Amino acid sequence: MDMGIIVAAALVVGITGIVIGLLLGAAGNIFQVKTDERVAKIRDCLPGNNCGGCGYPGCDGLAEAIGKGEAPVGACPVGGAPVSAKIAVIMGVEDAAEMRMCAFVACAGTCAKVERHSVYDGIQGCAEAAAVPGRGGKSCQYGCMGYGTCVSVCPFGAIHIVDGVAAVDKEACRGCRKCVEACPNHLIQMVPFEATVHVRCSSPEKGKDVRAVCQTGCIGCSLCTKVCPSQAIHMEGSLARISHELCTGCGACAEKCPAGVIFMERSDQ
C-alpha cells in the first residue's frame, strides 16, 4: 500500500478528531448547566434531618431555594439561629433568623378529667379513630384522642402521651410542624419558644356544654380578659385565646381562671 495514502488517512482521522473535540468542548461550554457554589455550602450548613418542616423537599431542596433567593436564610426550623447565621454569611445578607417556635397541645383533658361515652378498640391512631363515629371514645370531640399519631410523626422524639394527652418537650421540639399537620383535631399549635402562658383547651362549645364532658375545659367566662394588664387575651366565641406577642407572662390570667385551663410555665421547668 502506498505510504502516502496511509499518511493522508492518518492526517484526516487526526484532524477529524481534533475538530470533533473542539466542537464538543464548545458545545459543553455553551450548554453546560451552571451550578451555584453557594448551594453546596448552604447544604453543608443544614443539619440533614430532611424533616420537611421548612416546606421544601428535604435539605437539598431548601439549599437550592435559599441559593435562588426563594427562601429566607432562616428557613430551617431545625438548625435555628446558628445555622441561619452561617447561611447569611454565605449569601452575603443580613441575618434575619425567625423567632424559634415550638409545638403546644391545647388540651388538658386527661383520662381523669374527661368523660368517656364508649370504649374504642380500633386501630390505635388518631386519624383512624377520627373516622369512626364517636371519634375514639372521649366525650369531648375537640380534645386530644391520645392515640399518638403526633408521636409517630415527630422525627425528634419531642412528643409523648401522658395520661391520655399528648405532651411536648419544648427543648426537644424543632418546630418542624409535622405534628400540627398530623393532628385530626387541629389542637396542636405553634407558639413562641419563650411563651410561658397557654390556654389548654380547643373546644368552641359554651361553658355548660364544655363542663358536661370535661372538668378542665374553658367555660368562656372571660375573666382572664378582664384581669390581663397587657390586653393579651381575647375571646374567640367561648374560647380564650392568647396573643403571645402582647403577653408579658405576669400570670394574672392563670391565677384568675376558675377552670384552671390557663397553663403558666414555672421558671424552673
Side-chain angles (χ1 to χ4, degrees), residues 74 77 80-82 84 95-114 140 142-144 150 154 156 158-177 179-180 183 185-211 213-269:
S84 175
D95 184 14
E98 297 181 358
M99 179 186 298
R100 180 179 175 182
M101 305 291 284
C102 65
F104 176 79
V105 181
C107 178
T110 60
C111 297
K113 295 181 178 180
V114 69
C140 178
Y142 306 97
C144 179
C150 53
C154 178
F156 309 104
I159 308 181
H160 305 279
I161 301 300
V162 180
D163 198 12
V165 176
V168 178
D169 178 351
K170 64 184 297 183
E171 292 293 341
C173 179
R174 292 296 178 268
C176 72
R177 298 182 60 86
C179 57
V180 176
C183 179
N185 280 356
H186 309 293
L187 57 87
I188 303 182
Q189 310 165 355
M190 297 306 298
V191 299
F193 180 83
E194 301 297 334
T196 57
V197 184
H198 309 280
V199 177
R200 297 185 297 179
C201 183
S202 298
S203 176
E205 301 290 346
K206 295 185 180 298
K208 180 181 179 181
D209 296 326
V210 170
R211 275 303 173 92
V213 297
C214 182
Q215 299 175 22
T216 187
C218 179
I219 58 176
C221 66
S222 75
L223 287 176
C224 53
T225 66
K226 298 173 183 177
V227 300
C228 178
S230 57
Q231 298 183 331
I233 307 183
H234 61 281
M235 301 300 296
E236 290 185 1
S238 299
L239 182 62
R241 295 287 193 184
I242 296 178
S243 298
H244 292 289
E245 67 275 12
L246 299 176
C247 180
T248 61
C250 69
C253 57
E255 294 178 5
K256 193 67 175 180
C257 179
V261 73
I262 300 181
F263 173 60
M264 177 76 184
E265 292 184 20
R266 301 192 305 271
S267 59
D268 60 344
Q269 283 186 312

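These values consider heavy atoms only, across backbone and side chains, with no hydrogens, waters or symmetry-generated copies. No experiment lies behind these values; they were computed from the predicted model shown.
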I188 side, atom CD1; C102 side, atom SG - distance, nearest 0.5 Å: 12.0 Å
When you measure from the side chain of S243 to the backbone N and O of E245, does any donor-acceptor pair fall under 3.5 Å? no
Taking G143's backbone N and O only, do any of them form a donor-acceptor pair with N185's side chain (distance below 3.5 Å, no angle check)? yes
Any side-chain heavy atom of V210 within less than 4.5 Å of one from C218? no
Hey, is the main chain of L246 close enough, under 3.5 Å, to the side chain of S230 for a donor-acceptor pair? yes
With side chain to side chain contact (heavy atoms under 4.5 Å, CB included) as the criterion, how do V197 and E265 come out once you've worked through the C-alpha distance, each side chain's angles and the decisive distance to 0.1 Å? CA-CA 6 Å; V197 184; E265 292 184 20; over 6 Å; no
Does NZ or CZ of K170 come closer than 6.0 Å to the centre of the six-membered ring of F104, within 45° of the ring's axis? no
Tightest non-hydrogen contact, residues G175 and P77, listed as O-CB, 3.5 Å
Nearest 0.5 Å, what's the CD1-SG distance between I219 and C214? 11.5 Å
Whether the side chain of S202 engages the backbone of A106 through a donor-acceptor N/O pair (distance < 3.5 Å, no angle test) should be reported. yes
If I take atom NE2 from residue H160 and atom SG from residue C154, how far apart are they, to the nearest 0.5 angstrom? 8.0 Å
Can you find a pair of side-chain heavy atoms, one from R241 and one from M235, that are under 4.5 Å apart? no
Looking at CZ of F193 and CZ of R174, how far apart are the two atoms once the value is rounded to the nearest 0.5 Å? 8.5 Å
Specify the closest pair of heavy atoms between C253 and I233, including all atoms of both residues, with the distance to one decimal. CB-CD1, 3.3 Å
Report yes if some heavy atom in the side chain of R200 is under 4.5 Å from a heavy atom in the side chain of I262; otherwise report no. no
State, yes or no, whether a side-chain contact exists between C257 and L223 at a heavy-atom distance under 4.5 Å. no
Can you tell whether the side chains of R100 and E194 come within less than 4.0 Å, N to carboxylate O? no
Taking every heavy atom of A195 against every heavy atom of H244, the minimum-distance pair comes out as CB-ND1, 3.5 Å
Are C173 and F156 packed together at the side-chain level, in the sense that at least one heavy-atom pair is separated by less than 4.5 angstrom? no
Do L239 and S203 come within less than 4.5 Å of each other through their side chains, counting heavy atoms only? no
Determine, stepwise, if the pair Y142 / H186 fulfils side chain to side chain contact (heavy atoms under 4.5 Å, CB included). CA-CA 8 Å; Y142 306 97; H186 309 293; over 6 Å; no
Nearest 0.5 Å please: distance from the NZ atom of K256 over to the OG1 atom of T225. 11.5 Å
How close do V227 and A252 get, heavy atom to heavy atom, and via which atoms? CG2-O, 3.8 Å
Over all heavy atoms of both residues, which pair between K113 and A108 is shortest? Give the atoms and the distance, please. CD-O, 4.0 Å
Check V168 against I159 and note the closest heavy-atom contact, atom names and distance. CG2-CG1, 4.2 Å
Would you call Q189 and H198 a side-chain contact if the rule is heavy atoms closer than 4.5 Å? no
